[in-house]
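Beneath this line is the structure, given in structure tokens, with notes to follow.
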Protein chains: 2
Amino acid sequence: MNAITIREVAALAGVSVATASRVLSGNPATSPTSRARVASAAAELDFRPNAQARALRGARTNALGLLVSDVRNPFFADLAHTVEQAANLHGFVTLLGNANESADQQDRYLDTLISRRVDGIILAPVGAESDSIRALIAREIPTVFVDRTIAGMDAPSVTTDGTAGIRQAVEHLAAGGHTRIGYISGPQASSTGRDRFAAFTRCVTENGLSADPALVYFGDYQAASGSAGVHALLDLSEPPTALLVADSLMAVGAIAGLHDRGVRLGVDLAMVAFDDVEWFALLNPALSVISHSVAEMGRTAVDLLLQVIDGGTPASVVLPSELIVRASSAPTGTPAPPSSPPTPPTPFAAPTASHNSVRTH
Amino acid sequence: MNAITIREVAALAGVSVATASRVLSGNPATSPTSRARVASAAAELDFRPNAQARALRGARTNALGLLVSDVRNPFFADLAHTVEQAANLHGFVTLLGNANESADQQDRYLDTLISRRVDGIILAPVGAESDSIRALIAREIPTVFVDRTIAGMDAPSVTTDGTAGIRQAVEHLAAGGHTRIGYISGPQASSTGRDRFAAFTRCVTENGLSADPALVYFGDYQAASGSAGVHALLDLSEPPTALLVADSLMAVGAIAGLHDRGVRLGVDLAMVAFDDVEWFALLNPALSVISHSVAEMGRTAVDLLLQVIDGGTPASVVLPSELIVRASSAPTGTPAPPSSPPTPPTPFAAPTASHNSVRTH
DNA sequence: CGTTTCCATGGAATCGTTTCCACGACGCAC
DNA sequence: GTGCGTCGTGGAAACGATTCCATGGAAACG
């Protein structure tokens with residue numbers, strides 16, 4: 001802990017502190033002689049510059065903050081990984097904050113990050129606008145929203161357009177003969193919760209399926225609410241024959257709920273979940289998912305943030321999503337007989353058909 | 001980014017910088033009057049003290065580093081979560097580093113953490129001793145090893161004693177009639193890899209089971225090696241009828257490998273994995289595991305680190321492990337007929353019997 | 001009323017680094 | 001040989017907070 005300072009390096013090298021500093025920070029205005037002497041002195045003393053002092057004098061800390069809503073959610077764990085890797089590649093360290101789905105804790109963490117003068121913040125916000133988030137903008141701290149956005153905050157964002165994947169999923173289930181699709185939704189306080197729900201209802205009506213509001217259960221992106229959702233939906237007098245779940249953690253809960261009730265996944269009930277998680281393919285039967293690239297999201301977020309830090313004003317990025325069909329939604333079940341009028345000939349050219357390919361994996 | 005300094009707060013409050021500092025850092029030597037004036041001035045300007053400057057002058061940074069070998073490994077994701085929560089509770093932020101199973105990247109991260117003068121480091125080391133790790137000790141930077149240790153480094157550690165859980169697992173499988181148990185091991189370069197392997201071989205001979213070296217496959221704690229291990233072991237002329245896998249990621253790979261081969265888990269082959277992961281219980285059949293508490297490990301690591309920071313020299317902590325039996329190892333299969341001499345009456349009093357209870361979950 | 005004690009206060013030094021500025025030496029062109 | 005530009009160098013001023021030390025006033029005590 002009794003750290004070595006540049007002063008001692010300079011003394012050992014027989015040069016001034018200024019020269020030592022120049023050599024160590026790669027300033028070209030140095031003679032080969034002093035370069036060599038300082039380099040060897042620094043190596044001998046195993047000198048590590050004090051990042052605090054450096055950050056205090058210079059403008060940069062070379063640190064960025066990543067604030068996610070729940071690290072235990074595999075989606076955000078993956079995001080943390082890619083962000084950290086991408087940042088590291090550019091010489092930045094990542095301060096990881098975990099809001100733990102609490103707006104309070106998020107605000108406290110934002111304050112800490114501001115105090116530490118991180119060069120920028122990547123934020124997957126929980127809840128709506130808050131004082132601390134407004135403070136970010138007011139202080140012109142480079143900020144990029146990831147996965148979720150907040151209305152009225154004009155910072156760049158990188159999000160997934162769930163529409164394409166959800167449309168594919170609904171059409172896929174409709175093609176399998178399902179007319180009553182249950183939906184376990186994310187919280188309407190989050191942008192992804194709202195957007196995915198809106199896409200679902202739109203696609204359901206477009207495909208002439210039941211838009212019974214009882215078929216929608218509002219969860220909170222945590223496992224427990226997935227389980228609760230399954231029970232609520234299957235307790236209906238006219239239960240759904242297929243299920244769309246808005247995120248991976250709720251899908252985990254939903255699967256547990258099905259186990260509890262002895263309902264066989266892919267046989268008694270078809271299921272598709274948002275978010276691709278590696279091991280979803282290992283379930284028996286394998287789980288159909290709406291996939292989107294976490295890795296690309298993380299890399300893009302870092303890219304955008306670096307641009308903002310450099311004074312740019314990059315445009316927001318929207319990444320695609322797509323359906324991956326596996327056994328959990330294969331049309332092997334015996335869905336309710338199509339008493340509803342046979343679905344009209346599937347409109348092949350969907351309104352804004354982008355990413356309409358269905359990958360089978 | 002044009003940050004507000006304590007100077008401006010002092011000016012607005014009509015006091016000196018010294019007084020402002022005292023008020024803001026809770027020094028009691030202040031009058032109620034100036035306390036009020038400074039507080040309101042700070043609030044009005046939305047002042048956030050510069051943590052760099054504070055750390056430069058004082059001795060503390062109130063930051064700690066957590067360096068794990070792979071954040072995508074659910075075990076370490078959980079660990080990151082609990083460490084971050086525990087640290088946050090004590091007013092510390094966590095700098096998360098990810099070595100990505102690369103000793104090089106681990107060393108680079110350690111250098112960064114040293115440069116940033118974190119108050120302490122929690123390290124799940126990858127590989128053996130390195131220059132950067134020695135530098136930690138040489139600089140007397142408070143360090144705690146977690147999950148894995150490094151021989152010859154006398155820093156406190158918090159690890160799991162896998163022996164009890166492995167003994168329970170081997171006895172459980174033996175009781176199910178299995179005599180040839182395959183083992184997919186972690187790398188022998190890591191302490192957990194060595195310890196668990198040693199425990200396994202010991203228990204196997206103690207129970208009079210086959211100690212055929214061909215039954216052991218050495219993986220690297222990544223998913224792919226689990227799959228490779230399954231293929232290698234099942235390709236043997238005398239394949240095992242049960243499998244013990246040394247960590248969760250390799251277990252995931254192993255399950256995928258079983259899928260590939262059409263081998264039914266829990267029916268054609270019994271399996272137990274080290275590390276409890278929430279969704280292992282959701283698999284069909286549910287996976288038997290050797291469980292140990294990540295949460296307790298994370299909290300303990302932070303506790304120990306804080307003690308070291310405060311000048312203490314706490315003893316290392318070893319946490320227990322225990323078997324949780326689920327369907328994947330239930331004795332429903334038809335293991336190879338016990339051609340080997342019937343297992344000797346199970347020695348009920350195992351040599352160092354601690355945590356011998358078997359929990360069914 | 002005088003002296004001592006206490007306490008709030010402000011000035012200034014300090015942490016370790018970067019960077020501005022001035023200075024001396026050298027080389028080249030006239 | 002003088003002048004001018006270039007280049008490496010060192011001294012010193014910043015950066016923003018904490019903290020030591022001295023000071024002044026008020027309170028307390030004789």
Side-chain angles (χ1 to χ4, degrees), chain A residues 1-39 41-42 45-63 91 111-112 114-119 139, chain B residues 1-39 41-42 45-63 91 111-112 114-119 139:
Chain A
M1 288 302 263
N2 28 19
I4 293 151
T5 75
I6 200 175
R7 205 158 247 104
E8 308 169 53
V9 174
L12 180 60
V15 299
S16 75
V17 205
T19 304
S21 168
R22 274 186 281 257
V23 170
L24 292 169
S25 51
N27 189 317
T30 49
S31 71
T33 320
S34 39
R35 261 198 294 274
R37 304 179 58 110
V38 170
L45 296 174
D46 194 21
F47 168 73
R48 318 284 169 113
N50 183 324
Q52 321 290 336
R54 186 173 274 194
L56 183 56
R57 188 47 165 75
R60 289 276 188 98
T61 56
N62 282 309
D111 289 353
T112 308
I114 295 176
S115 255
R116 296 202 169 258
R117 303 292 193 267
V118 291
D119 292 334
R139 286 161 187 274
Chain B
M1 288 301 262
N2 29 20
I4 293 152
T5 76
I6 201 175
R7 206 156 245 105
E8 309 169 52
V9 175
L12 180 60
V15 299
S16 74
V17 212
T19 304
S21 169
R22 274 186 281 256
V23 170
L24 293 169
S25 49
N27 187 316
T30 49
S31 72
T33 321
S34 40
R35 262 199 292 276
R37 304 181 55 113
V38 170
L45 296 174
D46 196 19
F47 167 73
R48 319 282 170 112
N50 184 324
Q52 321 289 337
R54 185 175 275 193
L56 182 57
R57 187 49 162 74
R60 290 274 187 101
T61 56
N62 282 308
D111 289 354
T112 309
I114 294 176
S115 256
R116 296 201 170 261
R117 301 292 192 270
V118 289
D119 292 334
R139 287 160 185 273

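Here is the naming used below: chain letters follow the sequence lines, and residue numbers restart at 1 for every chain.
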Mind checking what makes side chain to side chain donor-acceptor pair (under 3.5 Å) contact with Arg35(A), not counting sequence neighbours?
-> Thr30(A)
Which residues share a side-chain contact (heavy atoms from CB on, under 4.5 Å) with Ala53(B), sequence neighbours left out = Leu56(A), Asn50(B)
Search all heavy atoms of Arg116(A) against all heavy atoms of Ala51(B) and return the closest pair with its distance.
-> CA-CB, 3.9 Å
Would you please name every residue forming a side chain to side chain donor-acceptor pair (under 3.5 Å) with Ser115(B), sequence neighbours left out?
-> none
Summary of protein contacts for nucleotides 10-18 of chain C, nucleotide by nucleotide, where a base hit scores B, a sugar-phosphate-only hit scores S (4.0 Å, heavy atoms) | BB-BBBBBB
Taking only residues two or more places apart in sequence or in another chain, which ones pass side chain to side chain donor-acceptor pair (under 3.5 Å) with Ser34(A)?
-> Ser31(A)
Could you tell me which residues satisfy side chain to side chain donor-acceptor pair (under 3.5 Å) with Asn27(A), sequence neighbours excluded, listed by chain and number?
-> none
Which donor-acceptor pairs under 3.5 Å do the side chains of residues 9-25 of chain A make with protein atoms, sequence neighbours left out?
unit_1	atom_1	unit_2	atom_2	d
Ser16(A)	OG	Ala18(A)	N	3.4
Ser16(A)	OG	Thr19(A)	N	3.2
Ser16(A)	OG	Thr19(A)	OG1	3.2
Ser25(A)	OG	Ser21(A)	O	2.7

Numerically ordered, the residues 26-36 of chain A set in heavy-atom contact under 4.0 Å with DNA chain D is Ala29(A), Thr30(A), Ser31(A), Ser34(A)
With sequence neighbours left out, the residues meeting salt bridge (charged side-chain N to carboxylate O under 4.0 Å, His left out) with Asp46(B) are Arg139(A), Arg48(B)
Heavy atoms of Arg117(B) and Pro49(A) approach each other most closely as NH1-O, 3.8 Å
Sequence neighbours left out, what passes side-chain contact (heavy atoms from CB on, under 4.5 Å) with Arg60(A)? Give chain and number order.
-> Asn62(A), Phe92(A), Asp119(A), Ile309(A), Asp310(A)
Stems for DNA chain D (at least 3 consecutive Watson-Crick or G-U pairs, under 3.5 Å) come to C:1-30 with D:1-30
